[in-house]
Amino acid sequence: MAATIKEVASQAKVSIATVSRALNNDPRVTKETHHKILTIAKKLNYKPNELARNFVRQKSNLIGLILPEISDEFFTEVIKGVDEVLYNYGYYTLVASSHKYKSLRDEIIAFTNNRLLAGLILLAPDLKLTVEEVLLKSKIPIVLINSDPNQQKFDRIALDNFEGAYEMTKYLIETKGYNNLAFLTGPSNNIDAGMREKGFVEACRKYNTGYSIEPGDFTKESGFKGCKNLLLRENRPRAIFAGNDMMAIGCYDYIWKTGMKIPEEVAIAGFDDIFVSQYLSPSLTTVRIQIEEIGKHAADTLIQRINNDSDSPKVVFKASSELVIRESC
C-alpha cells in the first residue's frame with residue numbers, strides 16, 4: 001500500500017502542511033527541514049497526489065490526450081510519442097478514448113470542465129461544429145492531430161495522406177505494372193481516409209488505370225470482409241491498396257484462408273507502417289507515417305503554446321510520408 005503524506009509528516013515530526021510546502025519548494029521551509037522531508041518521502045516511496053497539488057498551486061501539470069481508440073497500434077505509437085515529450089517537460093498524460101460508443105463532445109466536456117488540465121491534444125479526423133465550440137470555450141491550449149486544411153482555429157499536426165496514397169498508387173501502376181486496382185477506404189466521415197482515397201483515385205485517373213472502391217472502417221475485420229468481397233468478383237483486382245495497415249492485415253487473413261498467394265495472385269499494400277507490418281509474411285509494402293514523431297510534435301507544439309503567447313499565429317506541422325517497399329507487391 002502506498003505511503004501517505006500523513007506518514008511522511010509523522011516520521012519527519014512536522015505537520016502535514018509543512019510536508020506539503022516542502023514538496024512544493026516553498027521558501028518558508030528551512031533547507032534542513034526540506035532535505036529531511038524529501039529524504040523520508042523518498043525512503044517511503046511517497047507519491048504526491050498530483051490533482052491535490054494542482055489545486056493548491058492553481059497550476060496544472062496534466063495534459064489530456066483524446067484518441068478515437070487506444071487499442072490500435074497506430075494510437076499506441078501516438079501515445080508513446082506524446083508521453084515521452086510531456087514527461088521530459090514535467091507533465092503527465094491523461095489518455096481517454098472517444099470511440100463510437102461515446103460522444104466526443106461529452107468526453108471533451110468531462111476532460112475540460114474540472115479545470116485540472118493545462119492543455120489538450122485531440123486526434124479528431126472529423127471535427128464537428130458542436131465539438132469545435134466546446135473546445136473554444138474550454139480556454140486551454142489545444143493541439144489537433146487533424147488533416148483538415150480548413151481547420152485554422154487551433155494548432156494542428158497534419159498527415160500527408162493525399163501524397164502518400166498518390167505515390168503508392170503510382171508505384172503499383174508505373175513500377176509494378178498492375179492495371180486493375182482496388183482501394184479499401186476508411187470511415188466515410190474521416191478526413192484522413194478521404195484524402196487517402198482521393199490520392200488513390202487521382203493517380204488511377206492520371207494513368208488511365210481501372211479501379212474500384214470497397215468500403216472499410218480501418219479495422220482488421222473490415223479488411224477481411226472487403227478483401228473477400230473484392231476477390232469474389234468475376235473481375236477481381238490484381239492489387240489491393242488498403243487505407244491502413246490494420247485493414248491490410250485483414251486482407252492477409254482472408255487470403256491465407258483461401259490458400260491464395262501474396263503477391264503472386266494478389267498484391268497487397270497498406271498505409272501507416274505500424275510495427276507489425278515488417279513481420280508479416282510476406283512483409284507488407286506500405287506508406288510510412290512517422291507515427292511516434294506525430295505524437296512528439298503535437299506535445300512539443302502544445303508545450304510551446306502553454307509557455308508562450310496564446311494569441312500568436314496558429315502552427316501547422318505537416319508530417320511527411322514515404323514508401324516502404326517490401327515483399328507484398
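In this chain, residues are counted from 1 in sequence order.
Judged by distance alone, the side chain of Ser10 and the main-chain N or O of Glu7 form no donor-acceptor pair under 3.5 Å. Counting only distance, with no hydrogens or angles, the side chain of Asn208 and the backbone of Cys204 share no donor-acceptor pair below 3.5 Å. Counting only distance, with no hydrogens or angles, the side chain of Ser97 and the backbone of Pro68 share a donor-acceptor pair below 3.5 Å. Side chain of Asn190 to main chain of Gly186: no donor-acceptor pair is present (N/O by atom type, distance under 3.5 Å, no hydrogens or angles). Checked by atom type and distance alone, the side chain of Arg28 never pairs as donor or acceptor with a backbone atom of Arg21 at under 3.5 Å. Although no hydrogens or angles enter the test, the distance criterion places no donor-acceptor pair under 3.5 Å between the side chain of His34 and the main chain of Val29. The backbone N or O of Ser283 sits less than 3.5 Å from a side-chain atom of Glu327, completing a donor-acceptor pair. Without hydrogens or angle criteria, Arg326 side chain to Leu284 main chain gives a donor-acceptor distance under 3.5 Å. Using a distance-only test at 3.5 Å, with no hydrogens or angles considered, a donor-acceptor pair links the side chain of Thr301 to the main chain of His297.
With salt bridges taken as basic N to acidic carboxylate O contacts below 4.0 Å, one links Asp160 and Lys318. Ion pairing between a basic and an acidic side chain is recognised when a charged N comes within 4.0 Å of a carboxylate O; Glu202 and Arg205 show no such pairing.
Counting only heavy atoms from C-beta outward, the side chains of Val78 and Ile121 never approach each other to under 4.5 Å. A heavy-atom distance below 4.5 Å is found between the side chains of Leu122 and Ile108. The side-chain heavy atoms of Phe200 and Phe241, taken from C-beta on, include a pair separated by under 4.5 Å. For the pair Thr219/Met246, no side-chain contact is recorded, criterion being any heavy-atom separation below 4.5 Å from C-beta on. The side-chain heavy atoms of Leu323 and Met168, taken from C-beta on, include a pair separated by under 4.5 Å.
For the pair Tyr178 and Ala239, the tightest heavy-atom approach, listed with the atom from each and the gap, is CD1-CB, 3.8 Å. Considering all non-hydrogen atoms of both residues, Arg305 and Val315 come closest at NH2-N, 4.2 Å. Heavy atoms only, all atoms of each residue included: Ile262 and Ser328 are closest at CG2-O, 3.5 Å. Taking all atoms of both residues into account, the shortest heavy-atom contact from Ala165 to Phe271 is N-CE1, 3.6 Å. Nearest heavy atom pair, residue Gly119 against residue Leu302, reads C-CD2, 4.0 Å.
In the displayed structure, Asn189 atom CG is contacted under 6.0 Å by more than 12 heavy atoms of other residues, nucleotides or ligands. Enclosure of atom NZ in Lys220 is not indicated, since only 12 or fewer non-hydrogen atoms of other residues, nucleotides or ligands lie within 6.0 angstrom. By the 6.0 Å contact criterion, CD on Glu32 is open, its count of non-hydrogen atoms from other residues, nucleotides or ligands being 12 or less.
With no hydrogens or angles considered, no side-chain donor-acceptor pair links Asn179 and Thr209 at under 3.5 Å. Judged by distance alone, the side chains of Ser222 and Asp217 do bring a donor and an acceptor atom under 3.5 Å apart.
For residues 225-246, the set of pairs meeting the side chain to side chain donor-acceptor pair (under 3.5 Å) definition, not counting sequence neighbours, comprises Asn180-Asn235, Ser212-Arg233, Glu214-Asn229, Glu214-Arg233, Asp245-Ser277, Asp245-Thr286.
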